[in-house]
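Okay, structure first, notes after.
Note on naming: letters A, B, ... go to the chains in the order of the sequence lines (proteins, then strands), and numbering restarts at 1 for each one.
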Amino acid sequence: MEVDSLYQELILDHYKRPHGRGLREPFGAEVHHVNPTCGDEITLRVDLSDDDVVRDVSYDGQGCSISQASASILYEQVVGQSRKDAEGILAAFLELMHGRGQVEPNEEILGDAIAFAGVAKYPARVKCALLSWLAWEDAVLRIRAERNGSNG
Amino acid sequence: MEVDSLYQELILDHYKRPHGRGLREPFGAEVHHVNPTCGDEITLRVDLSDDDVVRDVSYDGQGCSISQASASILYEQVVGQSRKDAEGILAAFLELMHGRGQVEPNEEILGDAIAFAGVAKYPARVKCALLSWLAWEDAVLRIRAERNGSNG
Amino acid sequence: MSLTVADGRLDVSSLRHDFPILGRTVRNGNPLVYLDSGATSQKPVQVLDAEREFYEKHNAAVHRGAHLLAEEATDAYEASRSTIAAFIGASADEIVFTKNATEALNLVAFAFGTATALWEHGSGPGPDEDRFVLRPGDEIAVTEFEHHANLVPWQELCRRTGAVLRVITITEGGRLDSASLAAVICERTRVVAFTHQSNVLGTVLPVDQVVAAARAVGALVVLDACQSVPHQKVNVAELGVDLLAFSGHKMLGPTGIGVLWGRNSLLNSMPPFLTGGSMIETVWQYESTFAMAPQRFEAGVPMAAQAVGLAAACDYLESVGLDRITNHEQELTALALAELGAIPGLRVLGPTDTDARGGAVAFTVDGIHPHDVGQLLDDRGIAVRVGHHCAWPLHRRLDAVASTRASFYLYNEASEVHALADGVRAAIKYFGAS
Amino acid sequence: MSLTVADGRLDVSSLRHDFPILGRTVRNGNPLVYLDSGATSQKPVQVLDAEREFYEKHNAAVHRGAHLLAEEATDAYEASRSTIAAFIGASADEIVFTKNATEALNLVAFAFGTATALWEHGSGPGPDEDRFVLRPGDEIAVTEFEHHANLVPWQELCRRTGAVLRVITITEGGRLDSASLAAVICERTRVVAFTHQSNVLGTVLPVDQVVAAARAVGALVVLDACQSVPHQKVNVAELGVDLLAFSGHKMLGPTGIGVLWGRNSLLNSMPPFLTGGSMIETVWQYESTFAMAPQRFEAGVPMAAQAVGLAAACDYLESVGLDRITNHEQELTALALAELGAIPGLRVLGPTDTDARGGAVAFTVDGIHPHDVGQLLDDRGIAVRVGHHCAWPLHRRLDAVASTRASFYLYNEASEVHALADGVRAAIKYFGAS
Ligand SMILES: Cc1ncc(COP(=O)(O)O)c(C=O)c1O
Ligand SMILES: Cc1ncc(COP(=O)(O)O)c(C=O)c1O
Ligand code: FES
Ligand code: FES
């Protein structure tokens with residue numbers, strides 16, 4: 001089935017047994033993102049250390065297999081990374097998702113997130129895969145904006 | 001030329017030498033009508049005797065050959081008639097104009113106005129032919145409304 | 001055309017030949033099973049040919065020219081208006097062309113907004129328009145069934161004017177709640193806007209009951225007929241509503257055209273909406289007066305080719321027979337309700353019998369997201385809709401984030417319903433749910 | 001396609017084969033001489049084929065489905081947006097599809113109306129939208145050139161909000177009056193809305209001059225580009241205006257589609273206009289939030305097939321070459337000005353040379369009404385427009401009740417200009433005037 005390229009084993013695994021799910025303390029920012037076309041939502045918290053290490057990403061919400069698995073893999077990939085490195089992963093992930101299946105995924109940077117390569121061929125599912133990642137980006141931006149605000 | 005059926009000799013004559021043109025006293029009502037598609041206008045006065053005879057129709061304005069000739073022929077046909085008869089002419093004229101060239105004109109009722117039979121085949125010109133006639137109808141309605149108003 | 005078989009039922013396999021897209025294969029070389037007509041319908045060649053003929057032979061700006069082509073184009077456009085009017089039992093001067101049903105519904109909401117703004121600024125409105133002025137305390141009623149197109153314009157109107165939005169609720173079984181209807185409609189109600197047929201649950205609403213309640217308080221009745229006009233004989237004279245909206249693209253017509261119906265006198269009492277060319281009577285440098293309806297609401301060069309296409313769609317539907325289409329859809333719906341209803345873990349949203357119910361069947365499956373169900377169906381060539389179907393508050397009310405929806409039309413076959421049920425079972429197996 | 005001849009000029013007789021309607025005969029068996037492209041253009045088969053292919057292969061509701069057809073339809077729709085954006089030097093997220101230019105201009109006027117109403121009712125608007133709030137004393141400036149579509153919406157906005165309409169006048173020669181521009185634009189000016197090219201006089205307005213005046217006082221600049229985008233290379237980045245509108249049907253595209261261009265950040269600061277499906281972010285029962293532009297302004301199922309057709313029209317125009325089209329039209333215009341100008345009793349309205357002037361040539365003939373001139377031309381198969389061409393105040397300004405207008409496009413030939421002049425002379429003879 002063509003659809004197997006979308007529903008990689010790894011994605012189904014993360015979907016059925018998500019990692020890092022649940023909202024936890026402490027956190028620097030909490031965001032709430034919605035996918036307007038389907039109504040799915042995610043609440044996501046990011047804890048960023050003073051020296052810019054992603055200490056935790058915790059989340060809750062509802063959504064399809066792709067969005068749930070994507071949040072789980074986001075957790076796996078970015079927690080413990082420096083913010084810079086995590087942003088690099090995000091950039092590579094965005095490029096992959098918007099590549100319509102034409103972009104060669106970089107496994108070194110993406111790790112397990114390369115399992116989403118097949119999603120890029122299903123434009124309607126790209127938003128699913130991106131829901132948690134864009135929430136993460138937003139949360140990090142807010143933390144930094146707040147820090148800059150209190151600095152300046 | 002096909003267009004000769006539109007521009008009957010009689011229409012061109014009335015256009016070049018309009019009858020009854022100019023605004024005169026006395027009058028029971030004066031109306032101002034506009035053809036929105038071309039911007040042409042007519043000011044028209046009707047004098048209706050107490051026993052419902054159309055004593056005068058006087059008019060002024062600008063417009064194409066069809067509208068000018070039509071006003072002139074309106075004047076010819078209805079002045080001196082009873083209101084009832086004049087309304088009969090109007091009804092026959094309206095039927096002819098909306099007949100798309102399919103309605104057999106009744107010369108007995110319409111008189112010279114049958115020259116407009118060809119106009120019905122040019123939908124964009126029907127409004128031209130009707131401009132003065134509908135103004136006349138409106139003016140008569142107003143006179144009667146006023147009479148009823150002062151009666152009632 | 002002979003589109004029926006001996007017993008008076010639809011000859012579906014014949015009429016499918018009129019729809020080129022239905023001969024297509026999709027993913028994995030599967031033949032297309034199109035069960036998404038609730039979103040938009042497919043188009044028969046008769047409609048496409050009519051549009052093309054207009055462009056190739058008669059195209060000109062309508063109501064703007066005096067040359068032969070302009071006459072022909074205007075004739076084609078106005079003849080289409082008459083055809084479409086007759087299709088719903090109306091007369092031509094009651095039909096306003098819009099770009100879709102959404103614009104038609106907004107037109108009505110903006111009539112209230114404009115009349116109110118003119119009143120507030122002392123620059124009108126005329127006495128006729130008074131009916132459209134919203135004053136403090138005035139209320140607008142909608143139902144929980146509404147598509148966003150018949151909800152958000154009213155929310156926004158309330159924000160712009162200070163009017164209050166009230167909502168008539170639905171029962172557990174997915175029917176209009178009469179008690180709520182009675183409780184919501186009151187002397188302050190100025191408009192009752194509701195859907196004829198739910199695009200999610202298929203529920204056909206009791207129009208006469210709502211009309212009676214609205215009439216009792218003098219409220220204007222606006223009907224969203226997007227899901228009824230394509231599927232059943234709708235006669236505006238019998239419905240008793242004041243204004244009614246539907247879209248061309250859901251009834252075999254082209255994209256880019258919708259219809260607002262209203263009695264001519266009512267339309268003429270509404271302030272204009274979009275302004276510009278062709279909707280005017282006189283234009284001065286600082287002010288203008290406006291044409292009578294329907295021209296008053298058709299500013300600019302209109303979607304003439306699309307009107308011609310929509311008229312061809314009406315002709316096609318008439319030639320097939322609306323009643324036959326309704327019956328055919330009911331059979332498919334009954335089958336779908338039976339087949340899907342038998343699947344463990346599957347919950348059909350809304351009425352589970354075909355009583356006062358059209359052919360939209362939305363459902364959820366325990367443990368599988370609607371989008372994942374839809375994806376597996378898509379992989380088999382089955383096109384359904386997933387999500388909230390532009391009825392998000394209704395989904396919340398039903399405790400469903402989203403649903404999977406199959407919707408039927410004249411060209412669908414029983415075999416496609418079986419394929420749907422097979423596909424759902426396969427999806428359940430694939431995701432190892434229930 | 002090889003649409004040019006050796007010296008780089010247009011190969012008109014070849015490209016005419018792409019336009020089936022041009023092979024038609026009209027009254028008295030005369031071949032059609034179509035000189036009414038200013039009202040609407042004819043369509044090449046490439047555009048008609050593109051639309052038809054969309055319907056026959058990819059039709060589905062865009063941005064609403066997850067199945068293959070819906071993906072393909074969405075792709076086709078969004079790819080069309082990119083093509084059309086590139087055509088005017090913009091990016092895709094700056095392009096809003098409307099039903100025609102009239103809707104696009106109304107959208108802008110209603111943004112002001114809505115922001116003002118929300119402000120007055122204390123229900124918003126957001127800080128971004130403040131730019132669109134009109135307060136007592138605020139002014140809106142237009143010019144005497146304007147088409148009703150860029151005049152009446154502003155008149156009506158003033159009626160709804162209490163803002164004041166100001167008018168920049170024109171010179172005797174049919175050019176924008178710089179002194180009037182300087183006098184009208186002031187600190188109170190919030191919007192300057194004007195046409196790029198007059199649909200009556202052909203005058204091309206000095207955009208930079210108006211932009212400079214508007215910028216100096218912080219006013220928003222709205223350009224009606226209906227008569228420029230089809231005929232010359234328009235690059236929004238170079239123009240410096242804030243918002244720009246044009247129609248598809250005047251540039252070889254289908255009826256039923258128009259475009260509003262604006263920088264994405266500006267579009268996002270405007271309140272929504274039509275509301276409903278696909279333009280929302282979240283919908284609750286009593287309130288909603290909205291998507292970013294361009295989706296924010298595209299409520300309901302859009303005119304997808306028409307977007308595909310318009311993109312095909314852009315491709316066609318590009319393949320012919322906009323510069324070549326401009327040159328070709330200039331040649332025809334020069335010829336028309338010379339031939340018509342030589343006819344005794346004929347008065348050309350507006351500029352009589354081709355300097356900053358497009359291919360609309362309107363004229364009056366002493367003693368013969370424009371409609372009668374047009375009728376005689378029609379009898380010879382020559383289609384021109386008669387009347388005020390939706391620019392009534394401009395005609396009053398020129399002391400003309402109406403005029404006869406010929407307008408040219410890529411498919412017109414010099415022989416057609418001769419036919420026009422012959423026809424006018426014949427009309428003069430027919431009516432025995434001058
Ligand atoms: C200068 C100008 N502005 C606006 C319009 C309105 O365009 P549309 O009727 O396509 O909305 C036109 C054409 O009718 C025009 O020529
Ligand atoms: C019930 C209902 N109302 C309104 C609409 C809006 O129609 P359109 O998107 O064609 O404007 C739809 C379809 O999308 C619908 O199903
Ligand atoms: S369907 Fe909602 S996030 Fe995937
Ligand atoms: S053209 Fe104006 S009345 Fe005939």
Please confirm whether Phe110(D) and Phe273(C) have ring centers closer than 6.0 angstrom.
-> yes
Using non-hydrogen atoms and a 4.5 Å limit, figure out which bit of [X] sits close to chain C: side chain, backbone, both or neither.
X: Arg27(D); value: both
X: Val45(D); value: both
X: Leu32(D); value: side chain
X: Ile280(D); value: side chain
X: Asp49(D); value: both
X: Glu146(D); value: neither
X: Leu274(D); value: both

Segment of [X] engaging chain D (4.5 angstrom heavy-atom cut-off):
X: Pro271(C); result: neither
X: Pro302(C); result: backbone
X: Leu68(C); result: both
X: Leu48(C); result: both

Any donor-acceptor pair under 3.5 Å from [X] side chain to [Y] backbone:
X: Asn59(D); Y: Ser41(C); answer: yes
X: Tyr55(C); Y: Thr255(D); answer: yes
X: Arg24(C); Y: Lys57(D); answer: yes
X: Asn100(D); Y: Val301(C); answer: yes
X: Gln285(C); Y: Leu394(D); answer: no
X: Glu156(D); Y: Thr114(C); answer: no

With sequence neighbours excluded, what pairs up with Thr289(C) under the side-chain hydrogen bond (donor to acceptor under 3.5 Å, both in side chains) test?
->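 If we apply the side-chain hydrogen bond (donor to acceptor under 3.5 Å, both in side chains) test to Thr289(C), skipping adjacent residues, the hits are Glu281(C), Thr282(C).
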What option among [options] has the most heavy-atom pairs under 4.5 Å with chain D?
options: Leu165(C), Thr161(C), Val26(C), Asp379(C); result: Thr161(C)
options: Ser278(C), Ala383(C), Ala149(C), Gly381(C); result: Ala383(C)
options: Val386(C), Val384(C), Val152(C), Thr275(C); result: Thr275(C)
options: Asn106(C), Thr40(C), Val47(C); result: Asn106(C)
options: Ala101(C), Ala61(C), Gly122(C); result: Ala61(C)

Among [options], who wins on heavy-atom pairs under 4.5 Å with chain C?
options: Gly387(D), Pro254(D), Ser37(D), Ser247(D); value: Pro254(D)
options: His58(D), His147(D), Arg166(D), Glu287(D); value: Glu287(D)
options: Ile257(D), Ile382(D), Leu151(D), Thr98(D); value: Leu151(D)

Kindly compute the distance separating CD (Glu71(C)) from CG (Asp378(D)), expressed to the nearest 0.5 Å.
->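 Spacing of CD (Glu71(C)) from CG (Asp378(D)) equals 6.5 Å.
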How many angstroms lie between atom CZ of Arg159(C) and atom OG of Ser288(D), to the nearest 0.5 angstrom?
-> 9.0 Å
Does the side chain of [X] reach to within under 4.5 Å of the side chain of [Y], using non-hydrogen atoms?
X: His121(C); Y: Arg160(D); result: no
X: His67(D); Y: Arg385(C); result: no
X: Gln306(C); Y: Gln306(D); result: yes
X: His249(D); Y: Met303(C); result: no
X: Glu56(C); Y: Phe19(D); result: no
X: Gln42(C); Y: Leu69(D); result: yes

Determine, for Lys99(D) against Glu298(C), whether the closest basic-nitrogen to carboxylate-oxygen distance falls under 4.0 angstrom.
-> no
Return the minimal non-hydrogen interatomic distance between [X] and [Y], and the atom names on each side.
X: Gly277(D); Y: Cys390(C); answer: CA-SG, 3.8 Å
X: His371(D); Y: Ala66(C); answer: NE2-CB, 3.1 Å
X: Trp284(C); Y: Gln155(D); answer: O-NE2, 2.8 Å

With sequence neighbours left out, which residue pairs that include part of residues 301-310 of chain D fulfil the salt bridge (Lys or Arg N to Asp or Glu O under 4.0 Å) condition?
->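 Residue pairs passing salt bridge (Lys or Arg N to Asp or Glu O under 4.0 Å), neighbours aside: none found.
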